[in-house]
Amino acid sequence: MEPNYEELAEEGGALELPAEPMRLNMGPSHPAMHGTIRMVLELDGETVNEVDVQPGYLHRGFEKSCERGTWGQVFPYVDRLNYVSPMLNNVGFSLAVEKLCGITVPERGQWYRMVLGELARISDHLTCNSAGAMELGAFTPFLWCVKVRDWVWDILEQETGARLTHSFGRIGGMAKPPTPYLKDSVRAIIPQVHEVLAETEGLLLKNRIFLDRMQGIGKLSRERALALGVTGPVLRSTGVDYDVRKANPYLLYDKVDFDIPVGHDGDNYDRFMVRFEEIRQSLRILEQCIEKMADQGSVNVDDPRVILPEKEDVYSTIEGTIAHFKLVMEGFKPPPGEVYSYTEGGNGELGFFIVSDGSGTPYRVRVRPPCFYNLQATREMICGEMIADIVPTFGSINMIGGECDR
Amino acid sequence: MSRKVVERLKAQFGALGPGRGILETSDFRGDECVVVGKADWQAVATFLRDDAECAMDMPVDLTAVDYPDRAERFEVVLMVRSLTKKHRIRLKTRLAEGAKLGTLIFVWEGVNWPEREVFDMFGIAFEGHPDMRRILMYPEFEGYPLRKDYDISQTQPLVEYRTPPSSWAGGEGKFAPFDRHEGQPWSRVDWQERAHGRDIQVSPAIGLQEHQRPTLSKGHEYVASNAAPADPEE
């Protein structure tokens with residue numbers, strides 16, 4: 001309909017076209033979404049007015065499933081929380097149960113856990129950053145970083161027998177002692193990882209397209225990040241130097257020297273850079289760990305009530321048979337009580353709040369998923385940005401469905 | 001974790017009468033834990049955030065535990081941390097079934113989703129929460145899965161197709177499946193009909209569709225493999 005220009009002139013001459021916000025559904029299966037997650041967007045043109053982020057499509061009942069097996073049977077479930085860095089979850093859960101029982105693992109076992117954990121962290125950050133770059137059209141960094149991730153996984157496979165779902169943690173130690181090749185393999189990849197990181201950064205950090213889509217996009221302020229419970233690289237990108245490894249050192253993190261990289265704007269670019277710098281710090285930690293780790297000695301506590309006996313003893317001695325039977329059939333029994341134990345996972349503070357009633361079955365296992373809180377803050381990062389900015393912003397959160405939805 | 005915070009809380013909320021203020025404190029494996037009355041839940045949380053010596057500015061986690069044998073069966077557990085003071089504390093309160101708890105969203109905004117999750121998993125409603133929807137489960141889910149009396153092998157009824165609210169897209173919105181004259185038809189090709197030379201597809205949602213499918217590729221006709229290979233010069 002043609003506007004009435006006479007009326008318009010009386011009102012000041014502004015022509016207002018009728019416009020109403022459009023509601024758009026993004027997900028749960030969207031090619032640019034890392035997990036199955038749904039966003040209901042309210043758009044004004046291409047600008048996002050409001051977004052309703054809906055997680056839960058990967059809910060598998062992790063916490064409920066834990067309440068029906070033994071404590072040791074939780075490990076395979078834990079692998080599937082953050083499936084990009086399963087070893088960190090394994091170690092996190094072991095530490096929680098050990099805190100409940102007051103067990104301390106021998107020093108060699110602690111170094112071993114740190115080595116495997118830092119390898120997992122490297123693979124986690126590499127996946128996040130390279131996939132984020134790929135979503136912006138840069139395919140080569142993805143291929144290069146996945147190549148590095150494969151070297152890391154080769155070491156993890158050599159140590160644990162599995163590339164992804166290791167189930168390698170045990171209460172009171174690890175499933176197997178380190179192989180004799182561990183130190184050489186880690187030493188071999190460290191310089192190569194450095195090299196690929198530098199090459200990847202060279203591809204991206206002078207790329208106009210990449211910078212335009214990362215810098216100043218998806219900003220989160222320090223105060224809002226703290227209020228929303230955000231942790232990990234997302235919090236550090238806003239300038240808060242909170243890292244559980246420094247703030248509350250567990251394992252032997254107080255005996256190694258490393259820095260916490262922080263950003264200052266809290267935008268996509270800072271999150272990206274914090275992750276890359278953390279990979280370098282992890283490599284530093286790895287160098288020190290393999291330097292300090294003893295070549296001989298047990299990685300497990302010497303307690304037949306906690307650790308399964310050697311297979312040789314199970315088949316040849318009655319004590320071994322009994323210990324094995326009791327541990328497998330009844331499970332290990334921690335004292336009644338509840339603890340909250342927290343470690344630095346790939347995405348932030350990974351906490352386990354566990355309640356024991358003194359039986360061989362967990363009464364309650366609650367995981368504090370870092371992604372869940374980081375995803376909660378996504379709304380603030382997205383609102384007011386363009387719809388295309390959702391992709392890099394959401395990618396830099398590194399939401400892992402298995403952990404967020406449990 | 002810090003003893004000082006517990007002392008501060010005791011001084012502030014120690015003597016409020018039976019069932020109010022601080023009910024218990026414990027210190028298991030170095031985790032300081034304070035149980036408070038349900039009526040003082042919000043007051044204690046606000047104090048923890050605002051008091052200069054506590055300065056709890058980071059919400060860490062909020063969850064619940066179900067003890068069906070107790071009279072007050074639910075324990076709501078809150079963990080907070082102070083960035084400046086670097087200490088933590090665990091705050092708990094006990095609730096009977098059907099009782100409501102005041103929300104803490106006005107103290108720390110980060111408990112928004114965890115409170116929704118506790119509602120979703122345990123059926124504890126938070127009073128004053130602006131968005132008390134289920135978060136991990138779908139709205140039609142029956143029961144609360146993390147309660148101890150919810151059997152893990154229980155199955156849920158099938159959910160009907162949802163009819164979108166008419167408020168979407170101004171009340172005249174189009175939703176898939178579209179009308180039969182719009183868009184690309186989607187369905188399985190009825191090969192039986194095709195064999196008889198009719199171009200019909202059957203779609204479970206729309207019904208019969210005729211002559212709507214885009215022309216399919218004719219495919220490659222393979223000749224007998226013992227024929228001599230074609231001369232590349234030709």
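Here is how names work: the chains are called A, B, and so on, in the same order as the sequence lines, proteins then strands, and each is numbered from 1.
- The nearest pair of heavy atoms linking B:I152 to A:S65 is CD1-CA, 3.9 Å.
- Residue contact with chain B, scored on non-hydrogen atoms closer than 4.5 Å, involves the backbone and the side chain of A:L375 alike.
- At a 4.5 Å heavy-atom cutoff, the contact between A:F353 and chain B is made by side-chain atoms alone.
- Note that the CG atom of A:N248 and the NE2 atom of B:H87 stand 12.0 Å from one another [nearest 0.5 Å].
- Heavy atoms of A:V355 lying under 4.5 Å from chain B belong exclusively to its side chain.
- Under the 6.0 Å cut-off for aromatic ring centres, B:W113 and A:Y373 do not qualify, their centroids lying 6.0 Å or more apart.
- Heavy atoms closer than 4.5 Å to chain B are found nowhere in A:V365, neither backbone nor side chain.
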TODO: Would you sort out whether B:D61 and A:Y340 count as a side-chain hydrogen bond (donor to acceptor under 3.5 Å, both in side chains), showing the intermediate values?
DONE: CA-CA 10 Å; B:D61 200 9; A:Y340 176 71; 5.5 Å; no
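- Salt-bridge check for B:D31 with A:K99: passed, with a basic side-chain N closer than 4.0 Å to an acidic carboxylate O.
- Taking the ring axis of A:Y342 as reference, the NZ or CZ atom of B:R88 stays within 45° of it and closer than 6.0 Å to the ring centre.
- Across A:G337, A:G102, A:P369, the residue that shares the most heavy-atom pairs under 4.5 angstrom with chain B is A:G102.
- Side-chain atoms of A:K64 come within 3.5 Å of backbone atoms of B:R147 as a donor-acceptor pair (strictly under, hydrogens ignored).
- The residue among A:Q54, A:E338, A:Q376 with the most heavy atom pairs within less than 4.5 Å of chain B is A:Q376.
- Nearest approach of A:F372 to B:P114, heavy atoms of both residues: CE2-N, 3.9 Å.
- Within a 6.0 Å radius of NZ in B:K100, other residues, nucleotides and ligands contribute 12 heavy atoms or fewer.
- Atom-to-atom distance recorded for A:L226:CG and B:R81:CZ is 9.5 Å, nearest 0.5 angstrom.
- With salt bridges taken as basic N to acidic carboxylate O contacts below 4.0 Å, one links A:E67 and B:K148.
- Considering only heavy-atom pairs separated by less than 4.5 Å from chain B, the leading option among A:S341, A:A227, A:G229 is A:A227.
- Looking at A:D241, neither its backbone nor its side chain comes within 4.5 Å of chain B, counting heavy atoms on both sides.
- The pair A:E98-B:R29 fails the salt-bridge criterion, with no side-chain N (NZ, NE, NH1 or NH2) lying under 4.0 Å from an Asp/Glu carboxylate O.
- With a threshold of 4.5 angstrom between heavy atoms, B:L146 approaches chain A through its backbone and through its side chain.
- Among A:R364, A:R224, A:E223, the residue with the largest count of heavy-atom pairs under 4.5 Å with chain B is A:R364.
- Summarising the local packing, CZ of A:R60 is surrounded by more than 12 heavy atoms from other residues, nucleotides or ligands at distances under 6.0 Å.
- In terms of heavy atoms, B:D66 sits closest to A:Y363 at O-OH, 2.6 Å.
- Using a cut-off of 4.0 Å between Lys/Arg side-chain N and Asp/Glu carboxylate O, B:E117 and A:R406 are scored as salt-bridged.
- For chain A, no part of B:V80 is nearby; none of its heavy atoms comes within less than 4.5 Å.
- Contacts of A:P370 with chain B are absent, with no heavy-atom separation under 4.5 Å from either backbone or side chain.
- Within residues 119-133 of chain B, the residues having any heavy atom closer than 4.5 Å to a heavy atom of chain A are B:M121, B:F122, B:R133, listed by residue number.
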- [ ] Could you walk me through whether B:M58 and A:L228 pass the side chain to side chain contact (heavy atoms under 4.5 Å, CB included) test, one step at a time?
- [x] CA-CA 8 Å; B:M58 277 174 85; A:L228 287 164; over 6 Å; no
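- Heavy atoms closer than 4.5 Å to chain A are found nowhere in B:R49, neither backbone nor side chain.
- Interface remark: A:C101 contributes backbone atoms only to the contact with chain B (heavy atom separation under 4.5 Å).
- Between atom CG of residue A:D405 and atom CD1 of residue B:I135 there is a gap of 9.0 Å, rounded to the nearest 0.5 Å.
- With a threshold of 4.5 angstrom between heavy atoms, B:R116 does not approach chain A through any atom at all.
- Contact annotation for A:E349: only side-chain heavy atoms (C-beta onward) come within less than 4.5 Å of a heavy atom of chain B.
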TODO: Run the numbers on B:T63 and A:R368 for side-chain hydrogen bond (donor to acceptor under 3.5 Å, both in side chains), then give the verdict.
DONE: CA-CA 9 Å; B:T63 181; A:R368 184 237 188 241; over 6 Å; no
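- Only the backbone of B:P145 comes within contact range of chain A, with heavy atoms under 4.5 Å apart.
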